Amino acid sequence: QVQLAESGGGSIQTGGSLRLSCAAAGDTESVSCLGWFRQAPGKEREGVATIHTGNGDPFYHVSVKGRFTISQDNAKNTLYLQMTDLTPEDTAVYYCAALDVWYYSFCGLKASDYTTWGQGTQVTVSS
């Protein structure tokens with residue numbers, strides 16, 4: 001089983017940038033997809049970006065496309081989310097998630113598909 005631990009959150013002003021990291025430990029061989037999700041107060045958890053662990057194909061929510069970049073470093077077993085041009089609407093707890101089932105060909109943004117979750121890291125963007 002895989003374990004996930006996020007880091008890199010914080011407080012930043014509008015227009016700023018942050019990079020989130022997610023370290024994966026344990027048995028990662030069966031993980032098809034990794035993703036970043038976020039949950040703002042009073043809102044449902046939503047998918048932000050995903051990446052296929054086999055071919056590296058990314059997929060983004062329309063609200064972050066062009067501003068956020070998801071990437072993985074297989075040697076370090078680490079997932080990243082580079083966030084730029086941040087706005088207050090990006091304020092949320094950000095979660096790293098793994099779809100620990102082999103083999104999925106497409107990594108969607110549906111939270112219920114993902115089997116393993118990190119504890120989350122807070123991102124606060126002020127105007």
Side-chain angles (χ1 to χ4, degrees):
Q1 192 171 0
V2 62
Q3 297 87 41
L4 304 171
E6 303 96 336
S7 61
S11 297
I12 198 162
Q13 292 190 324
T14 296
S17 300
L18 277 176
R19 189 177 80 159
L20 305 182
S21 299
C22 173
D27 185 4
T28 60
E29 289 189 0
S30 60
V31 173
S32 290
C33 305
L34 292 168
W36 288 99
F37 294 75
R38 65 186 181 187
Q39 188 165 19
K43 294 188 177 181
E44 291 188 357
R45 191 169 298 189
E46 67 172 2
V48 174
T50 65
I51 190 166
H52 193 279
T53 59
N55 58 31
D57 282 350
F59 187 70
Y60 297 96
H61 190 279
V62 61
S63 66
V64 306
K65 199 168 185 179
R67 300 189 298 124
F68 292 10
T69 302
I70 189 170
S71 62
Q72 57 181 353
D73 185 332
N74 291 329
K76 297 181 179 179
N77 276 343
T78 302
L79 178 73
Y80 300 100
L81 185 68
Q82 179 68 48
M83 305 185 292
T84 64
D85 196 20
L86 287 161
T87 74
E89 288 68 38
D90 296 314
T91 294
V93 177
Y94 283 70
Y95 297 90
C96 172
L99 202 167
D100 196 3
V101 177
W102 192 262
Y103 174 82
Y104 270 64
S105 60
F106 172 72
C107 300
L109 296 172
K110 188 177 177 184
S112 59
D113 286 343
Y114 289 74
T115 56
T116 305
W117 294 82
Q119 294 298 309
T121 185
Q122 177 71 46
V123 172
T124 302
V125 185
S126 58
S127 57

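Everything numeric here is computed off the predicted structure, so don't read it as measured data.
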Heavy-atom side-chain proximity of R38 to V64 below 4.5 angstrom: yes
Same apolar cluster: V48 and V31, side chain cutoff 4.5 Å: yes
Shortest non-hydrogen contact from W117 toward A111: CZ2-O, 3.4 Å
Shortest non-hydrogen contact from L109 toward A49: CD2-N, 3.9 Å
Test item: F68 and L86 side chains (from C-beta on) under 4.5 Å apart, heavy atoms: yes
Verify same cluster id: Y95, M83 (apolar side-chain graph, 4.5 Å): no
N/O donor-acceptor pair under 3.5 Å between T91 side chain and V125 backbone: yes
Qualifying residue for side chain to side chain contact (heavy atoms under 4.5 Å, CB included) with C33, from T115, V101, L99: L99
Same apolar cluster: Y60 and V123, side chain cutoff 4.5 Å: yes
Shortest non-hydrogen contact between P88 and S126, atoms and distance: CG-C, 4.5 Å
N74: partners by side-chain contact (heavy atoms from CB on, under 4.5 Å), with sequence neighbours left out: Q72
pair C107-I51: side-chain heavy atoms closer than 4.5 Å: no
Heavy-atom side-chain contact between R45 and Y114 under 4.5 Å: no
Same apolar cluster (I L V M F W Y, side chains within < 4.5 Å links), L34/F37: no
Partners meeting side-chain contact (heavy atoms from CB on, under 4.5 Å) with Q1 (sequence neighbours left out): Q3
Contacts of type ring-ring contact (aromatic ring centres under 6.0 Å, His included), residue F59, not counting sequence neighbours: F106
Shortest non-hydrogen separation from Y94 to E6 and the atoms involved: O-OE2, 4.0 Å
Partner of R67 under side chain to side chain donor-acceptor pair (under 3.5 Å), chosen from D90, D85, T84: D90
Any side-chain heavy-atom pair of C22 and Y80 under 4.5 Å: no
same_hphob_cluster(L4, V93) at 4.5 Å side-chain heavy-atom cutoff: no
